[in-house]
Structure formats: structure tokens, C-alpha cells
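Everything on this sheet refers to the single structure shown next.
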Amino acid sequence: MELDKAQSGGERANEARRGSGPAALLPATIVVRLEALVRDVRTVLNDFTGARPAPYSVREPLARHLIAVTPEPSPGITPRRLRVTRVVRETKDAVSLTLTDPEGRRITFVPGQFFTVLVTLASGEVLRRAYSISSLPDEDGAAAEVTITIKRMPGGRASNHLNERVAEGDVLDVLGPSGNFIVTPDPAARRHLVLIAGGSGITPLASITRTTLAREPESRVSLVYGNRGEADVIFRESLESLARDHADRFTLRHVLSDPPEGFTGRTGLLDHDNVTRELDAIAASSGLDADAAEYYVCGPEPMMIAAREALLARGVEPARIHEERFSAPARRTTPELPKASALVEIRLRGRTKIVSAAPGQTLLEAGLGASLPMPFSCTMGGCGVCKVKLLSGNVTSEEPNCLHEEERSQGFVLACVSHAAAPCTVEVP
Amino acid sequence: MFDTSRLTRFLPPRMQSQIDAYFEALDVLLSVKDPKVLGALGPSGVRGLILHRGKQGTPTDMPATHVAHFDWTYPSDQPEMADLYRRAKVGQWNGDDLPWHTSVDPFDPERPLIPEEFLSFEEIEALGIKIDKNERTQLSYSMCAWMLSQFLHGEQGALFAAAQVTEAVQFFDGKLYGATQVMDEGRHVEVFNRYLDTKLHKLYQINDNLFVIIDSLMTDGRWDMKFLGMQIMVEGLALGAFGTLYKLTKEPLLKELLKMVIQDEARHVHYGVCALREHFTKYITERERQEREDWAFEVALLMRNRFAAYEVYDEWFEGRMTRAQWRGVVDRSKGMVEFRTTMFSRLVPNLREIGLLSPRIMPRYEEAGLMRYFGGLAADKLTADKLLADLH
């Protein structure tokens, strides 16, 4: 019977206490009392011999103190203004912008998160784009400055603007930080992070690498980083410097499709075969245990698909594979917007309100406009904070977005990229 | 209590301290006049003061003996508690929303954790111990981390005691309110723990006297004693301590954190007054009432006299001054005087309000110098705003 097998935590602890010595012959309750007596006698003796423990212990931030925090919903979508204090050209197509709060407030974030940058073009049009933070927070989870890194996309209006026009002293409007592609630092952790990056996908993984090496002395990081040529490698010097400083805990492996002469790393694209070979090499050099490591993948879509297939083929549990996808809004399919207003019934924490969503207005904008404290963060379909369940009616959404297949099948939609095509009812989970 | 160092000065410093600690423990137990009160406090006293159960480097198991009181008719029995419950629901806040981004430098002279005059450095130097400016800052940091550590340990006690009280309380409206207090205490543990771990990086062991109080109320099976211990005494102590630090600190994150916590504490004490006023004045015998009156007095004295930050003494001054000298320094320090004033100005009116300050015990309060707080406002007349305004 199943119940017979059940054993309470206390009983298990007692079993463990008894072990296999003479104590195994005594009832557990007696053992517990004897142990307490021994501790009491030892404490009194120590009082006299001066062997008392130190009156305090040194503490470090625990993972639970640094978990991702969803910003409180504000009455509207109000961006935060950050000043650009440094501009560093990483490669000919990538720039790093260091940002600080003009009022001196430190910025709280978890490695792996991104900002939604509101880019105002010369025409006045405002574009929203997600750019990951590449720097690391201080020990307490906040930092006086953060660095985001932007790679120029062919024909990308926002990325070209940020690469060419932004200078020190400029002010950027941002939302967030957002995102669940994170590694919360835990000084007590002993883990192996395997990071697979392609091109600008290095940005969140650079933050994760830097933070993990700095805050988790017992953890190791293996980074496979694919690029076209050597000149395209973002953070090349700083990553190599980390590899030198943490040779026993950090493995850096470059894969180049257009390598220079004398390049000794793997060549070609980060496809299924190359990812497999790289993982084999990491396993051979570091004793990689596929069931114990956590895998973080960020890069171009073909590389992400190849990496996922390669990992699954090695028997890695899907729950250990973490992926960050940014589909540039420019490449999204935006369905035809509804031409008429529609009534939307929004249910939120026991409250119900019917609002009118104007044509072009997202469900999120309609809800916030009616003073409903709807949760949101990135406002561009990238973080999932604003997901709502569609109970009835019909909406059209920009695709792809960050919702998982399972969430879609359960009826969830993202309020920030969805429009009411007909009267509908949604519930904020 | 006399200075044992006159008898033990030929012994090594650690042994001198230990003998002083034992004499102090004995003094506490002998000062209790009522045998029933001694019976209630004695075993906890031994576990805390002699066996240092809170400092053994292992989790402490405290057996509970109270009765969980169920009522299947769900009566609406205490409108004042129902009102507190409604206020508690809308008064909930999220610890994540505090300005954790604030950079805290414990040694920043512009934003000191506690003012330099909190401890009397002059008194320490009068004992022939030279402490330079750097050491003064370090010592103030230790003192603040010690206080916050005791707040954290106290809040852990409050969390479990609030859960026990919720089970044991006889009023159904009180159970609903109690659930919100459990949440409040959980949040307080969260924010103090986070502040210590992420900003001060230091955690002191639980003070033995605080352990005694927590142990006593956790292991007492009587629901009204739990209430008295938890909601009146410990919460009163908490209000005194939080209020003092709130008033004195210049560190903005800590100030904001304490402000939020104080608002919750105001409700907690109010709950205790609500629950006990009728019970003590109508439903228990005079003998039982007297026992509770004596218990409250003894615990009040324990709280007044015994929070001497011995853990800071062990770290800084063992072998440099006697334990008794340190007691004198702490006792006369400006910060501790402020703490006692704030604590008793809240505690004494509440004891009066619930009927535990009858003319029978007044002379003992008078003797202890506590009757001057008699006329203050009890918790049921105090709003959180008024509480905070009093601290400015």
C-alpha cells in the first residue's frame, strides 16, 4: 500500500541520525534526546574552556534575496529615463552603451534580463526593442550603472540608430528590466552552466558568465560562442581575460564560420553536429554531467533550433534547457488591426471591469487606460509578464512572441501585442 | 546585581565572563517572587541562559503544548477584530517594493546607521580603553547589526507564535486577523534577513534573554499567556526597538523598511489589547489574573535590564573590561535610554488597558521607575500615523 511506504521528513531525519552504530539499536526519540544532552553538556563545558563559537557570522546575499522582481504596475506605460555615460564600440557592428539613472538611483536586475528601449527616430516614430544587459550587478543585486549591447541588424532602424547616433550624455527611455532567461546568483551553488551563444546572443550570457564567476566560487561555466569571423566576436578581450583568470572554472570555446589563418578552434556554423562536438569536448575536459548541468542558449533562430535538437539528442531534460528568443518586431507578422472599437471584459484579482478598446489599442493599453493595475514589463511580447487568459471572444496577436506552446494551448495571449477583434473576456492570472 | 569580577579577577577573562553570566542568570531566576511565574519562566531560563540553546549551532526544536481551537459555526464574534482584519488586508505590502537599489555603506559618515552617540564612547574610554575614530564607526556598525539581528530572531519567534496564536485563539474573527499577522511576520523575517545579508553582511547569534522570552511563550500551552507574551510584551519590545532605530538612523533604506514594519506592528499590539481586555477582566479568576500580572512585570524587567548586547561585548571587549562594566556602559548609553523610553511608553499603557496594572502591582512598577508611562495611549487608541509622528 502506498501509505506504508510514506515516511515523514522527521522519521527520515531520525533514520539518518541513527546510522549504523550502536545508536541504531535505540528508539529514535531517545537518540534525539541523547544528542540534545550531549550538545547541552558540550555547551556548558565550552563556556568554561573558552571554546564558544564566534558571536556572529559573515553573511552573503542568498538567491532568494536576488530573484527577479516584476515592477509594480504603474497607471500607464511610463518609461524610465537613463543617461548614456559611456559608448564603447565592441565591433564594427556592435556598440555597448553604459547607462545610469540621472537621479543616482541604482538599478536592480538579475543577470540575463533585458531592457525595452524606446527609440525615437528623427521622424518622431517610436520603436520598442529589447536589448540585454551585458554587465553584472553588485553583490546586493543592484548596480549604479548597467551596460546594454546592441548589434546592428541589416536594415534595422532601431539598431542602426543606436549604433550611429547615440552619444555620451544622451538620454534613453527604457522599460524593465524584464525577462525570465536568468541565473540568480547563489554563493552556495555548485553548478555547471553550459552557455551556447551566437553573435549578439552573447549579451545576456556575458552578464551570466561574469556574475557566476564573480559570485559563485564553486560553480563552473562553459561557453560555446559562434561567430562569422574573429572581428565579429563581441567582448573578445574581456572573455579571454575571464578565461585566463578563472582557468579552472571557465571554458571558452570559439566557433567561427570564417576563421582567420591559424585559428585553432572549431570552424563552421553552430549547427547540430558542431554543437554536439563542442558538448563532447566540454564533457571530455570538464567531466560534464548532462543531467546536472543547466543549458542556456541565445542566438539566431537556426542556431537555437540546432542547439535544442543536439541537447535533446544527448538526453538533456527539456527543463534544463533555457532559451532566449528575440523576434525583432520588424520581422513579426502583424495581423490586420481591427477597424472598430470592441468591448473587453477584464477580470483581475476578483474585480471585473468592461473597457472599450479603440482600434490600434492593445489589451494592455486599454486596461491601463481604465486604471486597471495590469502587470507588464517589456511591452513588446518578449517577457510574458502581461499574459492573460482569453475566456471568450477573439483577439489578434503579433507573432511570434515569447509564449510557449503549452501556454497558447491553455488560451493565454500577451496583452501587450494583442488587439480585440471582437468583444472578449480576459482574465489576468 | 553585584560585580562578580571582584571575586573572579584571578581567573582568565572568558571564565570571568562566564561566572558573571551564571550569576546574572541566577539573579534573574531569584528575582521572580511568584512560584507559578518561576515555574513558567524557569525552564526557559535554564534553556536560554545556561544551556544557550539558541547558540548551539543547530536548529532548535521547541515542543508546542497548546490546543488548536476549531469552531464549525464560524461566528462573527469580535467586531473590533473584524475591523482589524479588514485593515490588515488592505495594509499588506510587498517587501520587494522597498528601495533595495539603495547602496548601503555602513561606514558612511553622511548617512550613519546609528548616531555616534548611541553608545557612550566616553564611558568606554573612562575605563582606560582607547577607541579611535575608525573603531568607533566599526563598533556602531556592530551595534546596529546586533540590533537588527535580534529583530530578525524576534520576528522568527513572532512568526511561529502568531501561527500558534491563530490556532489557539477563541474568537473566530481573531483567527482571520491572525492569518494576516502570520503573513506580516513572514514579511518582516524576509526584509530584515534581506537587509542583513545583502547590506550589512553580518548576523549575530540570538541573545539569550530574547531566547528565554520566545521559548517561554512558545512552550506555554495557555492561549492567553501566548497572547500576553507575543502580542503585548514582544510586540511592545519590538515597537520600542524599531521606533528607536527608526528615529535615529540616517540610512534611507533602513528607515523606510522600519517605517513599513512599524505600521504592521501597530495593528499587532492593537489585536493583543482587543483579545485580552475582556478576557482578563471578565473570564479569569483573580488568582489567575495576578499570576499574569506578575509574569508581565517580570518579563518587562527582563526586557528592561537584560538586553545588554553581550554578543557585541564578546566580540569587542572581553578581556578589556568586565561584563558588569559593559552592562553599565550599555545601560547608560543614549540609544538604550531612548529604547527603554519608547518601549515602556507603549507597553505600560497597554498593560493598564488589559487590566494587568492594578494598584496591587503599581508599587513595583513605581520602584522600577516605570509608572511615569502609566497615562499614555493604549494601542487601541493609537494609529500607525500617530505612532510614526511620535518618533519624529
Side-chain angles (χ1 to χ4, degrees), chain A residues 10 13 17 29 32-33 35-73 80 100-101 103-109 137-144 146 177 185-188 350, chain B residues 11-19 21-22 46-47 50-61 93-104 142 145-146 149 152 190-191 193-207 253 309-316 318-319:
Chain A
R17 275 197 193 109
T29 50
V32 170
R33 284 176 185 227
E35 283 178 346
L37 181 66
V38 169
R39 278 198 304 273
D40 289 344
V41 172
R42 194 187 297 140
T43 303
V44 174
L45 289 177
N46 285 348
D47 274 346
F48 279 97
T49 57
R52 287 184 303 226
Y56 66 87
S57 53
V58 175
R59 305 282 294 189
E60 288 180 328
L62 303 174
R64 75 160 174 270
H65 302 317
L66 305 175
I67 50 163
V69 175
T70 304
E72 271 293 287
R80 175 179 188 178
T100 59
D101 185 302
E103 288 166 16
R105 282 168 58 97
R106 291 164 79 237
I107 299 159
T108 304
F109 68 97
D138 296 340
E139 209 178 24
D140 64 355
V146 296
D186 177 1
Chain B
L11 295 172
R14 280 226 147 174
M15 214 173 273
Q16 283 184 39
S17 302
Q18 200 46 52
I19 289 173
Y22 282 147
V46 171
R47 287 191 285 269
I50 311 290
L51 303 177
H52 310 303
R53 284 271 175 89
K55 295 176 170 169
Q56 292 187 349
T58 175
T60 309
D61 291 332
W93 49 279
N94 183 350
D96 287 339
D97 293 341
L98 288 173
W100 293 109
H101 58 80
T102 308
S103 182
V104 178
S142 291
W146 177 83
S149 300
L152 172 59
E190 173 203 334
V191 296
N193 177 223
R194 183 167 174 178
Y195 189 84
L196 281 164
D197 283 1
T198 64
K199 305 299 181 184
L200 299 192
H201 306 293
K202 202 172 187 184
L203 175 69
Y204 281 85
Q205 292 177 311
I206 183 169
N207 177 273
L253 170 59
Y310 288 126
E311 292 74 19
V312 177
Y313 167 79
D314 289 346
E315 179 190 5
W316 279 82
E318 194 170 50

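As the structure is a prediction and not an experimental result, all values here were calculated from the model.
Looking at residues two or more places apart in sequence or on another chain, you find no side chain to side chain donor-acceptor pair (under 3.5 Å) involving A:R33.
For A:E60, the part lying under 4.5 angstrom from a heavy atom of chain B is the backbone only. The contact between A:A54 and chain B is made entirely by backbone atoms, counting heavy-atom distances below 4.5 Å. In this structure, chain A has a heavy atom under 4.5 Å from the side chain of B:R53, while its backbone stays farther away. In this structure, the portion of B:K55 lying under 4.5 Å from any heavy atom of chain A is its backbone and not its side chain. If you measure heavy-atom distances from B:T102 to chain A, the contacts under 4.5 Å come from the backbone alone. The part of A:R64 that comes within reach of chain B is its side chain, from C-beta onward, which places non-hydrogen atoms under 4.5 angstrom from that chain.
Looking at every heavy atom in both residues, A:I107 comes nearest to B:H101 through N-CB, 4.5 Å. When all heavy atoms of B:L51 and A:V44 are compared, the closest pair comes out as CD2-CG2, 3.9 Å. The minimum heavy-atom distance linking A:P53 with B:Q205 is given by the pair CG-NE2, 3.7 Å. Annotation for B:S103 and A:R106: closest pair CB-CD, 3.3 Å, computed over non-hydrogen atoms. Pairing each heavy atom of A:D140 with each of B:W100, the nearest pair is OD2-O, 4.3 Å.
Between chain B and the options A:R105, A:R59, A:E139, heavy-atom pairs under 4.5 Å are most frequent for A:R59. Here B:N193 is the residue among B:N193, B:D314, B:T58, B:L196 with the most heavy-atom pairs under 4.5 Å with chain A.
Looking only at distances, no side-chain donor or acceptor of B:H201 sits under 3.5 Å from a matching main-chain atom of A:V58.
With values rounded to the nearest 0.5 angstrom, A:D40 atom CG is found 10.0 Å from B:R47 atom CZ.
Between the side chains of B:H52 and A:D47, at least one donor-acceptor pair of N or O atoms lies under 3.5 Å. For the residue pair B:R194 and A:H65, no side-chain donor N or O sits within less than 3.5 Å of a side-chain acceptor on the partner.
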